Amino acid sequence: MLMSITRFKEIEDRTIGKFTITENGELFLSGYTCEPAGPDTILSGKDKRIPQGEYTITWHNSPRFNRLLPLISNSQVPATRCILIHSGNTGKNTEGCILVGKTYDNNGVWSSRETLNALIEIFQKAKDIKLVITNQIG
């Protein structure tokens, strides 16, 4: 399974992107993402977005959200950084993570809980999940 995020807009404390989840060319879900503002960094504790590139998605039992959430990592951004995909609306909610929503505007993403629940349902049926992030911020 592949989740693709194309970042296309940076506004104050947030970066907006478009995501799709596909497998073998079949579209399962699409929506928008909200991440911290740039620049991209591999450094922990900066509340900045992670670098564009390829990541694996595994599971993390989040005490804060009291549920299993998708965890993003690769060789530059270790799982110990705890970059999660979770619900929220604006840059203030990201804390370095990726928020998902059905729609967006200049303030953030919306229908986030509904979108996260749909994403988790799809991911729970997948064996391997890859994430590819691309910057096309204009």
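Remember, it's a predicted structure, so these values are computed and weren't measured experimentally. The analysis underlying the following values was restricted to heavy atoms, covering all of them including side chains, and did not include hydrogens, waters or symmetry mates.
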J.: Other residues, nucleotides and ligands only: do more than 12 of their heavy atoms fall within 6.0 Å of CG on Asp128?
T.: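 Counting other residues, nucleotides and ligands, CG of Asp128 stays at 12 neighbours or fewer.
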
J.: Looking at residues at least two apart in the chain, or sitting in another chain, which of them share a salt bridge (Lys or Arg N to Asp or Glu O under 4.0 Å) with Glu54?
T.: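 Checked Glu54 against salt bridge (Lys or Arg N to Asp or Glu O under 4.0 Å); matches are Lys130.
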
J.: According to a hydrophobic-cluster definition based on side-chain heavy atoms being under 4.5 Å apart (Ile, Leu, Val, Met, Phe, Trp, Tyr only), do Leu69 and Met1 belong together?
T.: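 Linked, Leu69 and Met1 end up in one cluster.
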
J.: Between Ile72 and Val77, does the side-chain contact (heavy atoms from CB on, under 4.5 Å) criterion hold? Intermediate values first, please.
T.: CA-CA 8 Å; Ile72 299 164; Val77 180; 5.8 Å; no

J.: Any side-chain heavy atom of Pro70 sitting closer than 4.5 Å to one from Leu119?
T.: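 Result yes, sub-4.5 Å side-chain heavy-atom pair found.
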
J.: Do any side-chain atoms of residues 45-53 form donor-acceptor pairs under 3.5 angstrom with protein atoms, and if so which ones, sequence neighbours left out?
T.:
unit_1	atom_1	unit_2	atom_2	d
Asp47	OD1	Gly96	N	2.9
Lys48	NZ	Gly38	O	3.2
Arg49	NE	Asp40	OD1	2.4
Arg49	NH1	Glu10	OE2	2.8
Arg49	NH1	Thr15	OG1	2.9
Arg49	NH2	Asp40	OD1	3.4
Gln52	OE1	Asn135	N	2.7

J.: Enumerate donor-acceptor pairs with a distance under 3.5 Å from any side-chain N or O in residues 21-32 to protein atoms, sequence neighbours excluded.
T.:
none

J.: Begin with the C-alpha distance, continue with both residues' side-chain angles, and end with the deciding distance and a verdict on side-chain contact (heavy atoms from CB on, under 4.5 Å) for Thr134 and Ser4.
T.: CA-CA 8 Å; Thr134 306; Ser4 299; over 6 Å; no

J.: Ignoring hydrogens and geometry, is there a side-chain-to-backbone donor-acceptor pair from Ser112 to Gly88 under 3.5 Å?
T.: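 Yes, Ser112 side chain to Gly88 backbone: donor-acceptor pair under 3.5 Å.
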
J.: Apply side-chain contact (heavy atoms from CB on, under 4.5 Å) to Leu116 and Ile85, showing your working.
T.: CA-CA 8 Å; Leu116 178 66; Ile85 298 174; 4.2 Å; yes

J.: What's the spacing between Thr103 OG1 and Asp105 CG if we round to 0.5 Å?
T.: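 Nearest 0.5 Å value for the OG1-CG distance: 7.0 Å.
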
J.: Is Arg14 reaching over with its side chain to a backbone N or O of Asn106, donor-acceptor style, under 3.5 angstrom?
T.: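 Side chain of Arg14 to backbone of Asn106, a donor-acceptor pair under 3.5 Å: yes, one is there.
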
J.: I'd like to know if Ile122 and Leu68 are part of one continuous hydrophobic network [Ile/Leu/Val/Met/Phe/Trp/Tyr, side-chain heavy atoms within less than 4.5 Å].
T.: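 As far as the 4.5 Å side-chain criterion goes, Ile122 and Leu68 are connected within one cluster.
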
J.: Check whether any side-chain N or O of Arg7 sits under 3.5 Å from a backbone N or O of Ile133 as a donor-acceptor pair, and report yes or no.
T.: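 Judged by distance alone, no pair lies under 3.5 Å.
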
J.: Quick check on side-chain contact (heavy atoms from CB on, under 4.5 Å): which of Val109, Ile83, Leu99, Ile5 does Glu35 satisfy it with?
T.: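 So the option named by the test is Ile5.
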
J.: Starting from Tyr104, can I reach Ile11 by hopping between I/L/V/M/F/W/Y residues whose side chains sit under 4.5 Å apart?
T.: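 Ile11 and Tyr104: one cluster.
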
J.: Tyr55 and Leu2: same hydrophobic cluster, using ILVMFWY side-chain contacts below 4.5 Å?
T.: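 No.
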
J.: Within the 4.5 Å heavy-atom criterion, are Cys34 and Thr94 side-chain neighbours or not?
T.: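 Result yes, sub-4.5 Å side-chain heavy-atom pair found.
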
J.: Could you give all pairs that pass the salt bridge (Lys or Arg N to Asp or Glu O under 4.0 Å) test and reach residues 64-82, with sequence neighbours left out?
T.: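 Found Arg64-Glu95.
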
J.: May I ask you to test the Ile120-Trp59 pair for a side-chain heavy-atom distance under 4.5 Å?
T.: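 Ile120 vs Trp59: side chains touch.
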
J.: Would you name the heavy atoms of Pro36 and Cys97 that are closest together and state the gap between them?
T.: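 Distance-wise, the nearest heavy atoms are CD-O, 3.5 Å.
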
J.: Let me check something: do Ile57 and Val132 share a hydrophobic cluster, defined by ILVMFWY side-chain heavy atoms less than 4.5 Å apart, either directly or through other members?
T.: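 Ile57 and Val132: separate clusters.
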
J.: Residues in ring-ring contact (aromatic ring centres under 6.0 Å, His included) with His60, at least two apart?
T.: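 With sequence neighbours excluded, His60 shows a ring-ring contact (aromatic ring centres under 6.0 Å, His included) to no residue whatsoever.
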
J.: Applying salt bridge (Lys or Arg N to Asp or Glu O under 4.0 Å), can you list everything that pairs with Lys102, at least two apart in sequence or on another chain?
T.: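 For Lys102, the residues satisfying salt bridge (Lys or Arg N to Asp or Glu O under 4.0 Å) (neighbours in sequence not counted) are Glu114.
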
J.: Considering all heavy atoms of both residues, which atom of Phe65 and which atom of His86 are nearest to each other, and what is their separation?
T.: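 Of all heavy-atom pairs spanning Phe65 and His86, the closest is CZ-ND1, 3.4 Å.
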
J.: Identify the heavy atoms of Leu71 and Cys82 that sit nearest to each other, and give their distance.
T.: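 So the two residues come closest at CD1-CA, 3.7 Å.
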
J.: Rounded to the nearest 0.5 Å, how far does OG of Ser87 lie from CG of Asn93?
T.: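 So the gap between those two atoms works out to 8.5 Å.
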
